[in-house]
Every structure is written in structure tokens, then in C-alpha cells.
Amino acid sequence: MPGFEIFGAEEKAQVMEVLESGVLFRYEFAAQRKGVWKVLEFERAFAAYTGAAHAQAVTSGTAALKVALAALGVGEGDEVITQGFTFVATWEAILDCGAVPVFAEVDLTLNMDPADLGKKITPRTKAIIPVHMMGAQARIEAIKAIADRHGIPVIEDTAQAAGGRLHGRHLGTFGAVGTFSFDAVKTMTTGEGGMCITSDETLWRRMSEYQDHGHDHLPNPGGRGGESRSFVGFNFRMMEIQGAIGLAQLAKLDGIVAAQQKNKAFFREAVSVLPGVQFREILDEAGDSATFLTFFLPDAARTTAVNRVLREAGAGAVRWSENGWHYYPNWEHLLEGKTYCHGGWPFSVGGKRRVVYDPQALPASAAIMERALTYQVPILLPDEQKTKIAAALKKAAAV
Ligand SMILES: *Cc1c(COP(=O)(O)O)cnc(C)c1O
């Protein structure tokens, strides 16, 4: 998964160009910067790579979600539907806009179940955020069709699926906006960073303005200080060093995905020895960014027993149902409405709860998640590691 595995001369050379220009800020300083505009160049390259008309760089994947929601005008009184298996950032961004996150079930894709999405749409639903978790496609075509019927925009949280495609089309280009993260453990990384892509010019302009305090970025005699604004914004600006690293990493992305696909095939074969094993449903294997391999065992007890043996043999798998950061019943701060804000905002208004979350609210997801085990697929996979993993799985197959 992480692009840091293959940091090298390319990233270094890119960063040096920025340091030699002496300009770290993405805007202005035209006279000093010697033609170096790394963030702008990264945005253009990322848009061209994905096939989107526009890209807006920001400081993180969380910021990308916030900027997309802000551009769509999501706010207090609105509901935004996402899924109960995602990173906390997805619903933090929704809460931060003043809206209420609503959680849909996942199915065997481990992404949003379109049938459950349909049940959760209300007149208050202002956006839908399916997540392409662990590098593979959500049922984005079905989700988009449902959303279109209701006239609700879709934001694709593509934080974990850079380089992923569905039927030849890049993930992140199906919805109104696709958001990406380049944090330290993502497929391509700039340390911290994020991107919003869209083919809607109006939305792009709003995102561009919002992430820069509302600056309209139109030419005027006063330069940046003379720019105008039409609404309040915030600061989520990416800096030049991140843009530079992003350019180097983006150039490696297809190679990263190809290496992961090869290594994922090894994991799949090794895991196949487990009796009764079933694999996560992948809608389009060719477009899978292959950052993870997930499999299901017949029941929770068997899953526990197998992973115990795997752990003892030094090849334990990730069990997301035990993970505190990615799975709904384990988000105690959300479930208990923990906040420092007086009056209990954003969970309460004036001391009165506006939303209460039931930890048992997603039974279909629970039935799937408790049987799921995951291996993260690295870019580099030495033979000794393969031998160890294969041996551990053989041992686990015998319990
Ligand atoms: C990593 C991640 C984010 C947030 O990205 P940051 O760059 O870490 O802020 C959002 N959604 C998902 C699904 C993620 O995995």
C-alpha cells in the first residue's frame, strides 16, 4: 500500500527544485520562483492521469472531504450517508460541516450496500459518500444511479484507492467529486496531502476558492492582495514541497499498482489453503489497486482460531472488526457523542441530542466483518516473507 516503500532519487530531485527556487508557497512570488509551480503542475498531472477535467490540491484527505462538502453547500440540518466501514475522517468531515452522518451497511465488496443506501435516503439527505475501501471499487455505478434518481450528489472517498479503476474508468471520476489522501500510509504519499477531482467547473472553482480563504484567483491590478471573494472560506492549501513529491509519486503509481497486483496474487494463492475460505467480492480485478487482500472464513469462532495460529506464526492478519479507527461499533466517541464543545455540538444542539447512534444499527455489516481477515499487500515482498506467510497459512489450515 504505502508509496514510502519506494521513495528515491525522483522525490529528492523534485524537492530540490523547490528548495532551489526558494518559494514554498503555491501562489504568487512569480518573479522569484523561476517558473517552478509544483502544486499547480501536480494538479494538472493528477487531473490528466484520472481523466477528470479539474483537480484541487489540499492539505489532507480529510480536508479534501471537507472542501468537497463545503463546495456542495452541505451544512446544519443536512444528512450525509456514508458507510459503517471507513476511516473516521469520512464522518469527521461531515460533522465538521454541521451535517449529521448516516451510516449504511457494507456488503461482500466491504463497501456501501446500494440496497441499504436506498433505505437510508430521506428528504434531508444532501450528499452520499461511498468509500472505495482497501483499494477496491464500491458499487459506484449502482450508487450513482440511486443518487441520480433522487438528485443527490455523490462524493467518492477515494483516499485508499488512488490508481484504482472500474471498467477502465478511474475511481473518483464517477461522482460529482472524488477525494484522495496522500498521507504517510497511502498508496502514493506526500507525507500529508490530498486532492479533489471533478469535471464540474463551478464545483472546482468553489473548491479552489474555499481552500484559500475565499480568494477568487482572478487577475487584477492589485495582485493577490487585490483579489476579491464571494463567500467565506478556510485554509487547506497544499505547499510546494508536497506538490513536488506528489509529482514523483504519481509517476510511480501505475508501477505501484502493478507490483501490488502481482503480490496480491501470491497472497490469494497462499490463503486458498484455508478450508471454507471465501474472498472479498472485487467488481473488476483488472482495476483493483490491490492494496489489500481480504477473505472470509465460515464463522467468527473459526476466524478467531485461524488468526490466532497466524499471529503465533508471525503472519497475523488484520481483523477490522477489532480495529478502533475503521469500524462503526468501535467508534465509541461517535456513539457516545463525545465532544469538548459546550452544548454538546455537533451531536447536540443547545444540550439536546439531535442524533443518537445505536451500536447494533448495522447487523449485516457485523455479520460480514466478524468473519473477515485482511493482509496488506506491500509493493516489495521479499521471498523470505513469502515463505513465512505461506507456512503460517498451511499451519492455520490444519486447525
Ligand atoms: C486516510 C483516509 C482519509 C483521510 O485522509 P488524511 O489524508 O489522513 O486526512 C479519509 N478517508 C479514508 C477512507 C482514509 O483511509
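Both counts, for ligands and for their atoms, begin at 1 and track the order of listing. When reading the values below, keep in mind they use all heavy atoms of this one structure, side chains included, and skip hydrogens, waters and symmetry mates.
- A side-chain N or O of E156 and one of H132 form a donor-acceptor pair less than 3.5 Å apart.
- Listed by atom number, the atoms of ligand 1 under 4.0 Å from A89 heavy atoms are 3 (C), 4 (C), 10 (C).
- The part of V131 lying near ligand 1 is the side chain, judged by heavy-atom distances below 4.0 Å.
- Comment: K144 does not engage E141 in a salt bridge, judged by the lack of any side-chain N to carboxylate O separation of less than 4.0 angstrom.
- Using a 4.0 Å cut-off to heavy atoms of T86, the atoms of ligand 1 that qualify are 13 (C).
- A salt bridge links E322 to R311: one of the charged nitrogens lies within less than 4.0 Å of a carboxylate oxygen.
- If you look at W91 and H326, their ring centroids are not closer than 6.0 Å.
- H54 and S199 share no side-chain donor-acceptor pair at under 3.5 Å.
- At least one donor-acceptor pair closer than 3.5 Å links the side chain of Q137 to the backbone N or O of D284.
- Heavy-atom proximity to S60, at under 4.0 Å, picks out these atoms of ligand 1: 7 (O), 9 (O).
- Here the protein heavy atom with the shortest distance to atom 8 (O) of ligand 1 is D183 OD2, 2.6 Å.
- At least one N or O atom of S181, backbone or side chain, sits closer than 3.5 Å to an N or O atom of ligand 1.
- Under 4.0 angstrom from ligand 1, the non-hydrogen atoms of A159 all belong to its side chain.
- Regarding atom 11 (N) of ligand 1, its nearest protein heavy-atom neighbour is D157 OD2, 2.8 Å.
- Ion pairing of D288 with K264 is present here, as a side-chain N (NZ or NE/NH1/NH2) and a carboxylate O approach within less than 4.0 Å.
- Protein heavy atom at the shortest distance from atom 15 (O) of ligand 1 is Q160 NE2, 2.8 Å.
- Distance from atom 1 (C) of ligand 1 to its nearest protein heavy atom, with residue and atom name: K186 NZ, 1.7 Å.
- Distance alone, capped at 3.5 Å, places no donor-acceptor pair between the Q160 side chain and the K186 backbone.
- Of the protein's non-hydrogen atoms, the one nearest atom 9 (O) of ligand 1 is T62 OG1, 2.4 Å.
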